[in-house]
Colleague: 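Here you go, one structure.
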Amino acid sequence: MGTESRKKDHVELVLRKDAQYAKTTRFERMDFMHNALPEIDLKDVDLSTTFLGKKISYPILITGMTGGYPAAKNINKELAKAAEKHGLAFGVGSQRAMIEKPKLKETYEVRSVAPNIPLLANIGAFQLKKYPFEQIESLVSSIEADGLAIHLNALQEVVQPEGDTDFSGVLDAIRKTCDRLSVPVVVKETGAGMNQSVAVKLKEAGASYIDVAGAGGTSWSKVEYFRSGPVPGFENWGIPTADCIVMCRNVLPIIASGGIRNGIDGVKAIALGADLCGAAYPFIKAWKDDALDEFIGVFKNQMKICAYLTGSKNHEQLKKAKLFFH
Ligand SMILES: Cc1cc2nc3c(=O)[nH]c(=O)nc-3n(C[C@H](O)[C@H](O)[C@H](O)COP(=O)(O)O)c2cc1C
């Protein structure tokens, strides 16, 4: 099956079927230490921060999902437009399809509707071994991105009938890309999570951020089982997102995604050690339901209220908000 129709399948399956992990992110194990004396005014809470050299109003990234088939053009544009309106960061999905068919570039182009936000290009780590560096650099420049997200998806590839399963030499390919690329690199998982030793290797390779993309949200092995399902048993494989953050914190700046479904989980991720929170599925689901603007509004409000109730006036203070575990 070609890259174009696979990307279309992925979006449709995620929206139509239950492709979410049965196991949780483990954010439910923790609560914020409520501060009965916050001593701040809610209207003074400001969670803005910078990402890839640009200011965002809230520490939220809509992580890469789509592109590479005709209907994806509108999805990327709508998501990017909402990100611009709310001051969030945005990533396009894997640009492998436009390497294979350059005219598909237009399905990833969102700068006309999102001129000010941090924008991430996207390619699989496996593809770095296959294509010349100049082609990778052009993925970034052709959509005027501020950074490149390189995704790690060994779990998805191994359960996909047509998957690429030779991940040898991937770290070296990431290192060479980080050395030469004109913009910062974010290395991301896709839902199975990262541990500390992976984070350390990625730091040594020159990554600027990791997106831990842990277990508890969209399960890529489930998505692949819906498509064909050759080797069952890996539906719940992966490290829960909260555990990934604890393992990887203090190595590289962290984006925490994987199962974050509301602003309260997003803020827990930040208090645990992430710089930004991110999500994929809830944004595309809200877009499908024609409720994207409302969903983002509630998400931001939840983050703001959590900051208020922990006495955190800004992003820096929020990172130090106290959690207790149960
Ligand atoms: C429909 C869909 C398509 C995705 N495609 C990509 C992709 O092309 N590149 C990538 O790096 N991650 C991709 N992802 C993974 C997400 O960016 C994210 O890491 C993962 O889904 C976990 O987040 P979630 O639980 O909020 O969905 C995709 C996710 C979804 C839901």
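Just so you know, ligand 1 is whichever comes first in the structure, and atom 1 is the first atom listed for that ligand.
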Colleague: Identify the protein heavy atom lying closest to atom 5 (N) of ligand 1, giving its residue, its atom name and the separation to 0.1 Å.
Modeller: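 Answer for atom 5 (N) of ligand 1: M65 O, 2.9 Å.
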Colleague: Strictly by modelled atom types, are N35 and T310 linked by a side-chain donor-acceptor pair under 3.5 Å?
Modeller: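 Judged by distance alone, the side chains do not pair up.
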Colleague: Please report the C-alpha distance between S221 and Q156 in whole Å, then the side-chain angles of each, then the deciding distance to 0.1 Å, and finally whether the side chain to side chain donor-acceptor pair (under 3.5 Å) criterion is met.
Modeller: CA-CA 5 Å; S221 38; Q156 182 188 12; over 6 Å; no
Colleague: Counting from 1, what ligand 1 atoms have a heavy atom of G93 closer than 4.0 Å?
Modeller: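 Those atoms are 8 (O).
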Colleague: Could you list the atoms of ligand 1 found under 4.0 angstrom from a heavy atom of G217?
Modeller: 25 (O)
Colleague: Would you indicate whether the side-chain heavy atoms of K285 and L292 approach each other to under 4.5 Å?
Modeller: no
Colleague: Any salt bridge between E84 and K81, counting N to O under 4.0 Å?
Modeller: no
Colleague: Could you check whether D46 and H315, counting side-chain N and O atoms only, form a donor-acceptor pair closer than 3.5 Å?
Modeller: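 H315 vs D46: no donor-acceptor pair found between side chains.
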Colleague: If you count the atoms of ligand 1 from 1 in the order shown, which ones are under 4.0 Å from a heavy atom of E189?
Modeller: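 Result: 19 (O).
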Colleague: Below 3.5 angstrom, do we get any N/O pair linking G259 and ligand 1?
Modeller: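 Looking only at distances, the answer is yes, because the N/O contact criterion of under 3.5 Å is met.
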Colleague: Could you list which atoms of ligand 1 come closer than 4.0 Å to a heavy atom of S94?
Modeller: 7 (C), 8 (O), 9 (N)
Colleague: Side chains of E224 and H10: any donor to acceptor distance under 3.5 Å?
Modeller: yes
Colleague: Answer side chain, backbone, both or neither: which part of A213 comes under 4.0 Å from ligand 1, heavy atoms only.
Modeller: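 The answer is the side chain.
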Colleague: Tell me which one of G64, G91, A19, A256 gets a heavy atom nearest to atom 13 (C) of ligand 1.
Modeller: G64
Colleague: Show the atoms of ligand 1 that are less than 4.0 angstrom away from any heavy atom in R261.
Modeller: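 Those of ligand 1 that fall under 4.0 Å from R261 are 24 (P), 25 (O), 26 (O), 27 (O).
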Colleague: Determine, for E134 against R180, whether the closest basic-nitrogen to carboxylate-oxygen distance falls under 4.0 angstrom.
Modeller: yes
Colleague: If you measure every N or O of G278 against every N or O of ligand 1, does any of those distances drop under 3.5 Å?
Modeller: no
Colleague: Work out whether the distance between some heavy atom of I260 and some atom of ligand 1 is less than 4.0 Å.
Modeller: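 Outside the 4.0 Å threshold, so no.
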Colleague: Please say whether T66 places an N or O atom under 3.5 Å from an N or O atom belonging to ligand 1.
Modeller: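 No.
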Colleague: Would you mind checking which non-hydrogen protein atom is closest to atom 20 (C) of ligand 1, with the distance to 0.1 Å?
Modeller: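 The closest one turns out to be T190 O, 3.6 Å.
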Colleague: Charged N to carboxylate O under 4.0 angstrom, K319 versus D275?
Modeller: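 Looking at D275 together with K319, the answer is yes, because their closest N to O distance falls below 4.0 Å.
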Colleague: Could you tell me, atom by atom, which parts of ligand 1 come under 4.0 Å of a heavy atom of A279?
Modeller: 26 (O)
Colleague: May I ask you to test the Q95-I143 pair for a side-chain heavy-atom distance under 4.5 Å?
Modeller: yes
Colleague: Looking only at heavy atoms, is any part of T218 under 4.0 Å from ligand 1, and if so is it the side chain, the backbone, or both, or is it neither?
Modeller: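 Both backbone and side chain of T218 come within 4.0 Å of ligand 1.
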Colleague: Does the pair K130/D164 count as a salt bridge with the N-to-O cut at 4.0 Å?
Modeller: no
Colleague: With respect to atom 2 (C) of ligand 1, which of F283, W220, Y281 exhibits the smallest heavy-atom separation?
Modeller: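 Looking at heavy atoms only, the winner is W220.
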Colleague: Under 3.5 Å, side chain of Y21 to main-chain N/O of G191, donor-acceptor pair present?
Modeller: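 Here the side-chain-to-backbone pair exists.
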Colleague: Of the side chain and backbone of K188, name the one, both, or neither that has a heavy atom under 4.0 Å from an atom of ligand 1.
Modeller: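 It is the side chain that gets close, since no backbone atom is under 4.0 Å.
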Colleague: Give the numbers and elements of all ligand 1 atoms closer than 4.0 Å to a heavy atom of K7.
Modeller: 5 (N), 6 (C), 7 (C), 8 (O)
Colleague: Could an N or O of ligand 1 be found under 3.5 Å from any N or O of T63, whether backbone or side chain?
Modeller: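 In this structure, T63 places an N or O atom under 3.5 Å from an N or O of ligand 1.
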Colleague: Measure up the F299 and F283 rings against each other and bin them: parallel (under 30°), tilted (30 to 60°), perpendicular (over 60°).
Modeller: tilted
Colleague: If the cut-off is 4.0 Å to any non-hydrogen atom of G258, which atoms of ligand 1 fall inside it?
Modeller: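 By the 4.0 Å cutoff, the relevant atoms are 22 (C), 23 (O), 25 (O).
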